Amino acid sequence: MLTADRKIAVPAENTPIRTEDEPVDIVLEEQGISLGESIRLAFTSLMANKLRTILTSLGVIIGVMAVIALLAIGKGSQDAIAASITANGSNMLTVRGGAANAGGARGQFGSGQTLTIQDAQAIADPNNVPAALLVSPESGGGGAQLVAGSQNLGARITGAQPSYQQIHNLSLADGEFVTDAEVTSIDNVVVLGANVAQTLYPGGSPVGQSLRIRGQTFRVVGVLNAQGGSGFGSTDDGVIVPISTAQRKLFGDRAITGGGGLLVSSIVVQARDANSINAALDQISTVLRDRHQLPANGTADDFSIINQQDILNTAVQSTKVLTLFLGAIAAISLLVGGIGIMNIMLVSVRERTREIGLRKALGAREKDILTQFLIEALSLSTAGGLIGCILGMLIAFGVNLSGIVQASVAPLSVVMSIGFAMAVGLFFGIEPARRAAALSPIVALRYD
Amino acid sequence: MAAIIQVEDLKKFYQMGDVEVQALRGVDFTIHPGEFVAIMGPSGSGKSTLMNLLGCLDTPTSGRYLLDGVPVERLDKNQLAVARNRKIGFVFQQFNLLPRSTARENVELPLVYRGGISTEERQQRAAEALDSVGLGDRMDHHPRELSGGQQQRVAIARGLVTRPALLLADEPTGNLDSHASEEIMALFKNLNDQGITVVLVTHEPDIADHAERQLVIRDGQLASDIRKGQEEVAHAHS
Ligand SMILES: Nc1ncnc2c1ncn2[C@@H]1O[C@H](COP(=O)(O)OP(=O)(O)OP(=O)(O)O)[C@@H](O)[C@H]1O
Ligand SMILES: [Mg+2]
């Protein structure tokens with residue numbers, strides 16, 4: 001195969017013969033490898049060992065996936081809770097009997113019931129509480145058995161006025177809501193929640209039918225649309241009657257005070273707008289203290305006013321903490337992924353020590369080796385970050401399909417987790433790369 | 001004519017715990033461009049140690065080494081890398097090819113680290129170098145698909161591709177049978193005829209016979225320096 005006469009283009013590319021005092025770097029000027037070439041070398045070596053490359057990225061993939069999916073689900077539940085609270089109406093204040101610290105929020109009839117229908121009427125007077133838009137006194141009397149023909153169902157009964165419908169954003173599937181006239185004349189009429197109607201009157205329309213509650217006959221005047229959710233007072237499983245009917249005919253023994261006042265369990269007030277909530281709060285407080293004849297100072301309120309916004313804030317705050325907590329756990333798994341990269345890079349440096357020695361023997365400089373290994377680490381973590389991001393979004397999408405919560409991927413969490421993954425790759429790639437680059441060629445070549 | 005290699009009192013000691021191994025105990029010689037030199041000597045006499053110093057793969061404990069007039073001890077790490085890349089082609093006993101790269105990619109490697117050469121030119125020059133060692137038809141083969149002799153020829157092509165003035169080889173035929181060894185030696189002879197300075201280490205006298213000059217190292221010192229058809233030119237230190 002060798003032909004003795006073959007001429008080859010070898011003869012020395014003439015290096016000038018230098019005299020000794022000439023500076024050395026004129027002769028050996030640096031040129032070196034380009035960045036594009038470093039990237040090519042890094043990819044060639046990543047591709048050369050695909051399984052190891054994939055396994056290395058896996059840690060980062062799982063980490064980023066967890067961060068994105070968990071944050072999206074956390075944000076989704078936060079939105080869901082906020083939505084279920086605001087669905088009850090915004091700018092709302094709930095007044096309940098009893099002191100704030102005496103279980104006001106749960107107060108049913110019984111302990112410390114002090115609110116009467118007259119209190120509600122006083123609040124509804126624009127002269128007293130100009131900041132109030134709507135006032136809905138409510139009489140929640142607990143459950144009762146409903147009997148319609150052969151059907152039979154336990155349901156929660158609420159006594160209400162027409163303003164109840166507006167304040168709680170209720171819409172009717174059929175018929176109409178309780179009217180002022182029915183409240184005035186204490187009629188035996190009832191509006192059914194969606195599930196109640198479904199159970200008692202499967203198939204047919206309930207409007208105009210009669211049913212029995214506590215031995216009395218009621219006429220169905222309306223059916224509510226399904227509201228969904230199960231937040232505060234979902235109406236799907238309850239029925240609504242005129243408040244006067246509830247007080248006098250259904251809960252009579254418990255709803256009439258010694259002084260003849262008609263008790264209500266709560267008064268829900270909608271302020272004119274978000275800015276008038278505080279004004280409404282003050283005005284309601286003044287009216288009630290005045291009516292209940294509480295001395296100006298020293299005596300605690302015998303009622304409590306709950307601000308819907310406060311509940312919302314508290315709920316959002318706690319889900320935020322939960323989301324952060326989930327995110328932190330996911331971030332730890334990302335960190336573990338980064339350590340995985342470092343581990344593999346260290347192993348890879350050992351495995352390829354002879355190769356590094358050879359590259360240096362052929363003229364690679366320290367920074368050439370350093371660059372190649374850094375690019376390898378960085379591409380592992382960046383690719384892992386991108387894949388993890390896509391998988392995380394797919395998980396969020398899957399959760400949405402399942403309908404449990406509406407997970408929402410925040411762009412910031414994508415940018416941050418990919419950025420973090422890259423930083424992790426860079427950080428954990430530096431040490432192995434530095435080691436690889438610092439080896440002397442002959443030591444590296446002898447290594448085995 | 002200016003020397004391409006000039007060493008003066010070159011020493012290399014290895015510290016092994018408490019023990020100091022004196023691998024090279026002061027050698028002096030000069031090699032001029034165009035020479036074909038064989039370095040001989042018993043195992044452990046310091047031949048590889050010397051070659052590694054000549055190839056700028058290692059640094060001496062003391063002494064001077066002028067490579068093409070450049071005092072190597074004054075070069076920093078990066079300049080040494082450039083020197084290895086441009087001035088020297090180094091051929092190893094174990095070939096040292098990248099197993100996952102093709103013959104051509106292996107040969108391209110020194111040009112990659114040299115930089116400033118377009119991909120086309122690099123491939124062109126690698127192809128020419130492979131052609132010149134008789135492997136023009138094996139460019140896309142991986143090392144495992146080549147015989148030992150062919151692998152060593154790829155390694156020689158890699159040494160040649162930067163067009164260095166100096167080709168160093170540490171027992172290049174040590175892993176080859178006699179037929180392949182003869183082919184490799186013929187190749188070195190051919191390259192030397194074209195003006196490249198060749199310095200190689202060998203154990204075998206018939207391999208060394210291809211060279212015009214034989215340096216014998218014994219116990220870390222130069223024992224003899226003989227040119228073909230001439231008397232000894234210099235004696236070792238005492
Ligand atoms: N890295 C090292 N650390 C310690 N001692 C070393 C090292 N390299 C070589 N030596 C010692 O230096 C001496 C010379 O070794 P060298 O490899 O140069 O011999 P050689 O002439 O090439 O031998 P061979 O013909 O077997 O290859 C030996 O005694 C060896 O043990
Ligand atoms: Mg040796």
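Chain letters run A, B, ... following the sequence lines, proteins first and then strands; every chain starts at 1. Because the structure is a prediction, the values reported are computed rather than measured.
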Can you tell me if [X] has over 12 outside heavy atoms packed within less than 6.0 Å of its [atom1]?
X        : atom1 : value
A/Arg52  : CZ    : yes
B/Phe13  : CZ    : yes
B/Tyr14  : OH    : yes
A/Phe43  : CZ    : no
A/Met416 : CE    : no

**Message:** Between B/Val112 and A/Arg40, is there a side-chain heavy-atom distance shorter than 4.5 Å?
**Reply:**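 With C-beta onward as the side chain, the pair touches.
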**Request:** Determine whether B/Leu98 and A/Arg359 make a side-chain contact, defined as any pair of heavy atoms from C-beta on separated by less than 4.5 Å.
**Result:**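 Sidechains of A/Arg359 and B/Leu98: in contact.
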**Item:** Max heavy-atom pair count under 4.5 Å with chain B, selected residue of A/Glu366, A/Glu355, A/Arg352
**Value:**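 Heavy-atom pairs under 4.5 Å are most numerous for A/Glu366.
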Which pair of non-hydrogen atoms, one from [X] and one from [Y], has the smallest distance, and what is that distance?
X       : Y        : value
B/Arg84 : A/Lys360 : NE-O, 2.8 Å
B/Asn85 : A/Gly363 : CB-CA, 3.7 Å
B/Ala81 : A/Ala364 : CB-O, 3.8 Å

**Message:** Given heavy-atom pairs under 4.5 angstrom as the criterion, report whether the side chain, backbone, both or neither of B/Asn96 touches chain A.
**Reply:**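 Contact with chain A involves both backbone and side-chain atoms of B/Asn96.
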How far does [atom1] of [X] sit from [atom2] of [Y], to the nearest 0.5 angstrom?
X        : Y        : atom1 : atom2 : result
A/Leu358 : B/Leu97  : CG    : CG    : 8.0 Å
A/Thr44  : B/Glu105 : OG1   : CD    : 7.0 Å
B/Asp76  : A/Arg365 : CG    : CZ    : 10.5 Å
B/Ser101 : A/Leu41  : OG    : CG    : 9.0 Å
A/Leu362 : B/Arg158 : CG    : CZ    : 5.0 Å

**Request:** Can you run down the ring pair (Phe, Tyr, Trp, His ring centres under 6.0 Å) pairs that involve residues 125-155 of chain B, sequence neighbours left out, and say none if there aren't any?
**Result:**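 Of all non-adjacent pairs touching residues 125-155 of chain B, none passes ring pair (Phe, Tyr, Trp, His ring centres under 6.0 Å).
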